Amino acid sequence: MNTQHLSCSADDLARAGDLLKRGELVAIPTETVYGLAANAFDEAAVAKIFEAKGRPQDNPLIVHIDTLDTLYFLSDDVPETAAVLADAFWPGPLTIIVPRGEAVPSIVSAGLPTVAVRFPSSETARTIIRQAGVPLAAPSANLSGSPSPTTAERVLADLDGRVAAVVCGEDCEVGLESTVISLCGGVPRLLRPGGITLEQLREVLGDVVADDAIVNPVKEGEAVASPGMKYKHYSPRCEVTIIDGDADGFAAYVNARAADGVAALCFDDETDGVAVPVITLGRRDDEAAQARRLFEAPREADDRGMTTLYAVCPRREGLGLAVFNRLLRAAAFRVVTV
Ligand code: TXA
Ligand code: MG
């Protein structure tokens, strides 16, 4: 397939909308990461997403909307808490899971009785949804198992030739995927930390449970609230290990293992004393910067031919929890405390 490279001109966004209307796949920028979009009401189009990404059939998709009213079209049973969250955080990097209505084909939710809905803040994403005239099912625009793309170049590296078009827009502002919260059953449950923090959710809702799978590996055969959590994820080619400790402990651990192909993923303000090639993640106290670098940094290690990457350990609070959650998966849960 010859993939069209579209710009963000009004004409090109209209073209993207047309392709989506016709059942084609289009990769689009959002404020979190690039998404691989299809008409959420078109089963055949949605099936193409799974094929193009090599995505396991049991991993449900997020439906992107551009008006709050659409939420009530996608679900017949929107809890009051959803309206409260929408009011506080939409448009923005928050995905809300509600009971799935008749309008949403089962394939979108991988057969689950629920549907994940997000109202992005990215103007480009919203214009494309409006041009398509339908809600868009969209996972991150990477091959399944690869890091999520935050630039058009990374999307093309994975999907050129596999999708009808890529809208080559701005680099993603948040840099990691949306926060996912489920409102289907009991206390609201955080399934994936992201741009909206657990602390912010608790401020608005009071009680919110953080799912175990956020910081623990899912055991073989165990039921999970969010199927995405059980898959190997966000993996660069190099082997990542998180080193949990202060700057001196980190440097000592890494320097003792200096060899060809060994690199360190460091906080910007703590590179002194590290004697192997350094890739930076952002300052220790700047989690927003870390989030933006999170997927690009390990890919840089791959591009430089590194085989082993020792990574610093982000704070487990605020946006840091989301950075930690993604790094843990990139590291297949290898954490060494020094
Ligand atoms: O920021 C984002 O959320 C990006 C952009 C493109 O919007 N999208 C994204 O989609 O990250 P994806 O497919 O890579 O991640 C969606 C996650 C998966 O872990 C999936 O299992 C979970 O959300 N999910 C989707 N629908 C669900 C549902 N009905 N119940 C539980 N988990 C669900
Ligand atoms: Mg993804």
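This one's a predicted model, so the numbers in the text were calculated from it and none came from an experiment. Indexing begins at 1, ligand by ligand and atom by atom, following the structure's order.
Applying the 4.0 Å criterion to heavy atoms of His64 picks out, from ligand 1, the atoms 5 (C), 6 (C), 7 (O). Interface atoms of ligand 1 facing Leu112, defined by a heavy-atom separation under 4.0 Å, are 28 (C), 29 (N), 30 (N). Each of the atoms 18 (C), 20 (C), 21 (O) of ligand 1 lies under 4.0 Å from some heavy atom of Asn59. Proximity to Thr114 (heavy-atom distance under 4.0 Å) selects the following atoms of ligand 1: 28 (C), 29 (N), 30 (N). When each atom of ligand 1 is checked for a heavy atom of Ile97 under 4.0 Å away, the hits are 27 (C), 28 (C), 30 (N), 31 (C), 32 (N), 33 (C). Near Gly35, the atoms of ligand 1 lying under 4.0 angstrom from a non-hydrogen atom of the residue are 6 (C). When each atom of ligand 1 is checked for a heavy atom of Ser140 under 4.0 Å away, the hits are 8 (N), 9 (C), 10 (O), 12 (P), 14 (O).
Ligand 1 has no nitrogen or oxygen under 3.5 angstrom from a nitrogen or oxygen of Glu177. For ligand 1, the polar-atom distance check finds an N/O of Arg55 within less than 3.5 Å of one of the ligand's N/O atoms.
Between Val115, Ile62, Val98, it is Ile62 that holds the heavy atom closest to atom 16 (C) of ligand 1. Scanning Pro99, Ala141, Pro139, Pro29 for the heavy atom closest to atom 12 (P) of ligand 1 points to Pro139. Nearest to atom 3 (O) of ligand 1 by heavy-atom distance, out of Ser144, Ser178, Ala213, Cys172, is Ser178.
Contact annotation: for Ala225 versus ligand 1, heavy atoms closer than 4.0 Å belong to the backbone alone. Contacts of Arg192 with ligand 1, taken as heavy-atom pairs under 4.0 Å, involve the side chain alone. Both the backbone and the side chain of Pro60 come within 4.0 Å of ligand 1, counting heavy atoms alone.
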Give every donor-acceptor pair under 3.5 Å between a side-chain atom in residues 237-252 and any protein atom, sequence neighbours left out.
from	atom 1	to	atom 2	distance (Å)
Asp244	OD2	Arg316	NH2	3.3
Asp246	OD1	Asp248	N	3.4
Asp246	OD1	Gly249	N	2.8

Show me, pair by pair, the donor-acceptor contacts under 3.5 angstrom made by side chains of residues 24-38, not counting sequence neighbours?
from	atom 1	to	atom 2	distance (Å)
Thr30	OG1	Thr32	N	3.0
Thr30	OG1	Thr32	OG1	2.9
Thr30	OG1	Val33	N	3.4
Thr30	OG1	Val33	O	2.8
Thr30	OG1	Arg118	NH2	3.1
Glu31	OE1	Ser121	N	3.3
Glu31	OE1	Ser122	N	3.3
Glu31	OE2	Arg118	NH1	2.8
Glu31	OE2	Ser121	N	3.0
Glu31	OE2	Ser121	OG	3.3
Thr32	OG1	Arg118	NH2	3.1
Tyr34	OH	Gly169	N	3.0
Tyr34	OH	Gly169	O	3.0
Tyr34	OH	Glu170	O	3.2

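Residue Glu153 holds its CD atom at 7.0 Å from CG of Asp171, rounded to the nearest 0.5 Å. Of the inter-residue distances, the one linking Leu201 atom CG with Leu85 atom CG reads 6.5 Å to the nearest 0.5 angstrom. Put simply, CG on Asn142 and CZ on Phe295 are 8.0 Å apart, with the number rounded to the nearest 0.5 Å. From Leu61, atom CG reaches atom CG of Leu136 across 11.5 Å, with rounding to the nearest 0.5 Å.
Between Asp302 and Arg154, none of the side-chain N atoms (NZ, or NE/NH1/NH2) sits under 4.0 Å from a carboxylate O, so this pair counts as no salt bridge. A salt bridge links Arg283 to Asp269: at least one charged side-chain nitrogen sits closer than 4.0 Å to a carboxylate oxygen.
Although no hydrogens or angles enter the test, the distance criterion places a donor-acceptor pair under 3.5 Å between the side chain of Asn216 and the main chain of Asp212.
Taking backbone and side-chain atoms together, Ser140 has an N/O/S atom less than 2.8 Å away from the Mg ion (ligand 2).
Under the 4.5 Å side-chain heavy-atom criterion for Ile, Leu, Val, Met, Phe, Trp and Tyr, Leu94 and Leu319 are members of distinct hydrophobic clusters.
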